[in-house]
Structure formats: structure tokens, C-alpha cells
A.B. asks: 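Take a look at the following structure, please.
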2 protein chains.
Amino acid sequence: MKKVGEPTPKTRLLRAAAALLAESNGEAVSTRQITQAAHVTAPTLYHHFGDKEGLFDAVVAEGFSEYLDAERNLPTSGQPVEDLRMHWDNHVQFGLDHPHLYLVMFGNIRPERRPSMVASAEAFLEEVLARAAAAARLVVTPHEAARSILAANIGVTLMLIAEPAAKRNLELSAMTREAVISAVATDSEADPTTDTEGTPSVVVAAIALNAALQSSHPDQLSGSELKLFLEWLQRISSRSGS
Amino acid sequence: MKKVGEPTPKTRLLRAAAALLAESNGEAVSTRQITQAAHVTAPTLYHHFGDKEGLFDAVVAEGFSEYLDAERNLPTSGQPVEDLRMHWDNHVQFGLDHPHLYLVMFGNIRPERRPSMVASAEAFLEEVLARAAAAARLVVTPHEAARSILAANIGVTLMLIAEPAAKRNLELSAMTREAVISAVATDSEADPTTDTEGTPSVVVAAIALNAALQSSHPDQLSGSELKLFLEWLQRISSRSGS
DNA sequence: GTAGCACCTATAGCGGTGTTATATGAATTG
DNA sequence: CAATTCATATAACACCGCTATAGGTGCTAC
């Protein structure tokens, strides 16, 4: 009853699952729907994927590798900060192109059950940021920068997905992107909190904090604590070489 | 069979659902579990809430009104931008206090099925921002600012919820908060590191110094000194103290 | 050829899920 | 006291994820 030359049941299952997931607007997709669409019975699914979740993980993994491939194939402009913008936009675009996949990938955050690929997205972003750091464009560590940017990126994408496509305003993305990037990197070298070597200057930051503390005393520290804190700050500020 | 004076079945259902939702770590909660815990049979649930989703909506609505009440009862510092920081922190804290509820409220974004309360959270934020606008502290419209801030706020909170409580680094929140706020509002009319109102700039400077210290440890401070110093720095950065 | 042997798939069914048609009890009202 | 309305319970339906079991299929070995 079956034609030869057709794709194997395993790939048929994958495609059917992906298709149904994309169609059904966020509603649950049953294994019976999937197996029926793939012209396959239940045990086949469990033989190949072990689990319903296993199947969905496979679908997500496919979509995610597509995403990562797109990320890696983005042309590098030679300007790390500009690259950062490109990757942000690519992330948002991927979310809008595959909203349901995206929700499974980044929205469905169960602690301890979170797809490890999110971590690798973070790692990838960190790579890009490491290049920015090497180019003396970073004010904080690549790791922190990556987390902050990714968090904002996901938040913006989720919000854009949530609202009807017609009403989507991509300026939200651009605006937030600039906000978080400019807090983390600098387009040029003029920023006073960055020394010539690219690493955040402890001395400059300490001096800035010291100055700020002159005009306002934080209530998180007691008087004696503050006294010692300022003394240490002074010691750090007066350091000679880096 | 039943004691009198006990809460009505309706509230028992609500409490049982909330409790089970909070306990079961992101796993699905069945109507049978709920009705059994509430000492009630299925039709009672459907009589009062029409739907499983109706019940969960009611639970979420309760949690959300709790959240909004907390928001409204936050003391206003008179400094709109400072209020903004407070509301951001309150949002994050609520997410960390009620992670599962939060995921249902903000994470489980099905287009067209998104709880209307998210919209009212946005509206509330917009109010706060309108006050900032009135104080001439805003560089974009309150609406745009609210969306951008809320998106980043949700993204950060989701990311913090996703990672194990022990490893949570609240600096991610502070850092992103400052990024998105400073892109949208201005603390005063001049250099952000030397304003006349005090605390905010201290926070920024403290965060910068903290970041700088991550990559290079000064030799002017001993190990134990540095440890205490960083702890204080953290305290200043997170401005959680009274 | 055919015996053995993995591999893959199907039949049929289990326990659990959300939900509801129907019926019963309790309270309120005439 | 009768009638009506609300709140709850009994029992069942259709569906769900999943699996014990068995039967094909193609391969290698003799």
C-alpha cells in the first residue's frame, strides 16, 4: 500500500511534527495527529524518538541548527559592534519566521528541562562579544554582556511574537537593541571607562565610583563599612600600572 | 461528611490549583489532582470555572492582582526614574518569588490567548513613565518606553528563573535595567556619572567597577578584603537595602 | 535455499486526561 | 408545602501518551 522512494518514516515523522506544530496555533499537537499525518502507527514514533518529547526535541534541534547555521553564515562586517546588531536582528527575525518553534525553544522555560541549545546560543553570542572585547569595544565581560543581550533579545522577540503581526512595531527591537548594546559596548574608542587595552579599567571605574559616592552615601552600607569601603576604593584608585 | 465553616468549594479549588501549580515543578497539573486536593468532584470545577483554563486564569488573575497591588503600593520616591528602577526590581522579585505563576503569566505566550493582564502591566508601567515624561526625563514616548522596558524586564526575569537559584546573578538584572532605562530616560540633565540626585549614578559606577574587577583583581587588596569589598559592591549595585 | 538475526512496523490495549449528560441534594422562594 | 434554583455527585465519553506483544522485512552465513 506504500509507495517506494518516499522518505523514511523517521523523516516523515519529523516533517509531520514540524508542520503540525507550525500550523496548530500554539495548541497542543497529539502523537496520533502526527503519526496519522506521517502514515505511521504509534510504536514507530516511540521506536525512533523514544518519547513525544524526544520527537519535539528533534524538531527543535533541527530548527535550532538552522538558526545557528544562519548565525554563523552571517557576514562579518569587521566591526564587532555592528556584527552584534546583525545577530540581534537575525535572532528576532528567526523568532518571527518560526514563532511556534521559537516559543518551544526560548519560551517554554522549565528549569532543568531547558534545551541545552539555549546555552549554546549564549555561547555563540559570547564568541561574537569576545571579538568585540578583543577590539576594545566592551565595557563588561563577554559573558555578562552575552547574558544581558540575550535576555533582552528574547524578551523583545517574545513580545513581538505575542502581538498580532499587523501591529508589530520593529522599532521596539531596534530601540531595545541600541539600549542594551550601548550599555555593554562602545562604537568607538572615546569612552572614558575603557582603557586602551580594551579590558575594563578597574582604576577608572573605581575613580568614578569614588566620585559618585562623594555626593551621595548609599544606605546599604553602615557608617563604618562605608569608611573602610572608601579607603579600599582609594587604594584601588591610586594603583599605578594595569 | 464535611465540616461546616470551611472555605467554599470554589476557593478550595482556587487554593488547591495554586498550591499544586506552585509545587509541581513546571509539570502539568491535572484536574483530577486539583479536584481531589480540594475534596470536590469534577463537575464542581466546571460549574465554577467552565474550563480547566478558566481555573488557571482565575489563579493567574489572583496572582496578578497581587502583583499589581504590590506595584501600586510601592512608595514613590518623587524621582520618576528612580521609581522606574524600583518597579523593575519589583517585577523581577515577583518572578523569582512565584516562578511558576510567572511563567504562566508572562512566559506562556500564545498569540491571541495572552492574558489581558499583561497589557495592564504594560499600561501601569506606562503610567509611571508618563510621570517621568512630565518631569522631562523621557527621551521617547511613554508607550514605546514601556514596551521596551517591559520586554527586557520579562526577558531578564525569565532568564533568571530558568537558571538554578544558587547560580542566579542579580547583576544581570541591574545591568540590563540600567541599560534600558538610560536609553529611554535621563536621570538628570548632564553626564550620567555626575548627577545631582545621588544614588542612581552610584549604582552605575558600582556596576562598572564590579564588572571591571571580574577580569582583573587588584593586588592592593588581600583575598579576604577583596571578598568583603565585592560583597559591599554587590549590595550597592543591587540597591535592595532599605 | 534457508536458517538465523537484527531491525522496523502494526495490532490492540492500558491507565490517565479533560469534559459532560444526567441526576440528586440543599437552599430559597411562592 | 410546592416549586424553582443553585451546587454537587455519579458515571461515562472520547481522547491522550505510551507499550507488551507479535509479525513482517532485509541481511548475512552456511
Side-chain angles (χ1 to χ4, degrees), chain A residues 1-61 100-101 103-104 108 110 112-113 115, chain B residues 1-61 100-101 103-104 108 110 112-113 115:
Chain A
M1 250 351 212
K2 254 184 310 182
K3 306 248 173 77
V4 289
E6 274 190 356
T8 147
K10 184 171 180 177
T11 71
R12 262 183 291 154
L13 277 169
L14 270 175
R15 292 184 192 173
L20 288 175
L21 194 66
E23 292 168 22
S24 91
N25 264 17
E27 304 294 327
V29 180
S30 72
T31 59
R32 282 172 167 83
Q33 283 178 273
I34 298 173
T35 55
Q36 188 170 339
H39 302 288
V40 151
T41 51
T44 308
L45 191 162
Y46 293 90
H47 173 70
H48 286 290
F49 300 98
D51 219 337
K52 181 190 186 180
E53 210 159 66
L55 209 189
F56 278 78
D57 283 355
V59 172
V60 168
H100 307 99
L101 201 60
L103 282 182
V104 177
N108 190 26
R110 292 219 284 289
E112 300 296 329
R113 176 64 192 75
Chain B
M1 280 296 243
K2 258 185 307 184
K3 304 251 174 74
V4 290
E6 273 190 356
T8 146
K10 185 171 180 177
T11 71
R12 261 182 293 157
L13 277 170
L14 270 175
R15 291 183 191 173
L20 288 175
L21 193 68
E23 292 169 22
S24 90
N25 266 19
E27 305 294 326
V29 179
S30 72
T31 59
R32 282 172 168 81
Q33 283 178 272
I34 297 173
T35 55
Q36 189 170 338
H39 302 289
V40 152
T41 50
T44 306
L45 191 163
Y46 293 90
H47 173 71
H48 287 291
F49 300 99
D51 219 337
K52 182 191 187 180
E53 210 159 65
L55 209 189
F56 278 78
D57 282 355
V59 171
V60 168
H100 308 99
L101 200 60
L103 283 183
V104 176
N108 190 27
R110 293 218 285 289
E112 300 296 330
R113 178 62 190 76

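In what follows, chains carry the letters A, B, and so on, assigned in the order in which the sequence lines appear, proteins first and then strands, with residues in each chain numbered from 1.
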A.B. asks: Any N/O pairs under 3.5 Å between the protein and nucleotides 15-17 of chain C? List them or say none.
C.D. replies:
from   : atom 1 : to      : atom 2 : distance (Å)
C/dT17 : OP1    : B/Ser30 : OG     : 3.4

A.B. asks: Measure the distance from NZ on B/Lys10 to C1' on D/dC6 and round it to the nearest whole Å.
C.D. replies: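 About 13 Å, once rounded to whole Å.
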A.B. asks: Looking at A/Val29, is its backbone amide N or carbonyl O close enough to the side chain of A/Lys52 to form a donor-acceptor pair, meaning the two atoms are under 3.5 Å apart?
C.D. replies: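 Looks like yes, one N/O pair under 3.5 Å.
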A.B. asks: I need the residues from residues 43-50 of chain B with at least one non-hydrogen atom less than 4.0 Å from DNA chain D; give them sorted by number, or say none.
C.D. replies: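 Output list: B/Pro43, B/Thr44, B/His47, B/His48.
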A.B. asks: Please state how far atom CD in B/Gln36 lies from atom P in C/dG18, giving the value in whole angstrom units.
C.D. replies: 13 Å
A.B. asks: Specify the separation, in whole Å, of atom CG of B/Leu13 and atom P of C/dT19.
C.D. replies: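 From B/Leu13 CG to C/dT19 P: 14 Å.
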A.B. asks: Hey, mind stepping through A/Ile34 and A/Leu20 against side-chain contact (heavy atoms from CB on, under 4.5 Å) and telling me if it holds?
C.D. replies: CA-CA 7 Å; A/Ile34 298 173; A/Leu20 288 175; 3.9 Å; yes
A.B. asks: Decide if atom CD of A/Gln36 counts as having more than 12 heavy atoms of other residues, nucleotides or ligands within a radius under 6.0 Å.
C.D. replies: no
A.B. asks: Using atom CD of A/Glu53 as one end and atom C1' of D/dC16 as the other, report the distance to the nearest whole Å.
C.D. replies: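 About 15 Å, once rounded to whole Å.
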A.B. asks: With sugar-phosphate meaning primed atoms plus P, OP1 and OP2, does B/Ala42 contact a base, only sugar-phosphate, or nothing at under 4.0 Å between heavy atoms?
C.D. replies: base
A.B. asks: NZ/B/Lys10 to CG/B/Leu55 distance, rounded to the nearest 0.5 angstrom?
C.D. replies: 10.0 Å
A.B. asks: Whether the side chain of A/Gln33 engages the backbone of A/Ser30 through a donor-acceptor N/O pair (distance < 3.5 Å, no angle test) should be reported.
C.D. replies: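 Yes: the side chain of A/Gln33 pairs with the backbone of A/Ser30.
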A.B. asks: What is the separation between atom CZ on A/Arg12 and atom P on C/dC8, rounded to the nearest whole Å?
C.D. replies: 14 Å
A.B. asks: If you take all heavy atoms of A/Leu45 and A/Asp51, which pair is closest and at what distance?
C.D. replies: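 Shortest heavy-atom contact: CD2-O, 3.8 Å.
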A.B. asks: Roughly, in whole Å, what's the span from CG in B/Leu20 to C1' in C/dG18?
C.D. replies: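 It is 16 Å, rounded to the nearest whole Å.
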A.B. asks: Carefully, step by step, assess B/Asn25 and B/His100 under the rule side-chain contact (heavy atoms from CB on, under 4.5 Å).
C.D. replies: CA-CA 8 Å; B/Asn25 266 19; B/His100 308 99; 3.7 Å; yes
A.B. asks: Distance check needed: C/dG18 C1' versus B/Asp51 CG, whole Å only.
C.D. replies: 9 Å
A.B. asks: Can you tell me how far CG of B/Leu21 sits from CZ of B/Phe56, rounded to the nearest 0.5 angstrom?
C.D. replies: 5.5 Å
A.B. asks: Side chains of A/Val59 and A/Leu101: closer than 4.5 Å at any heavy-atom pair?
C.D. replies: yes
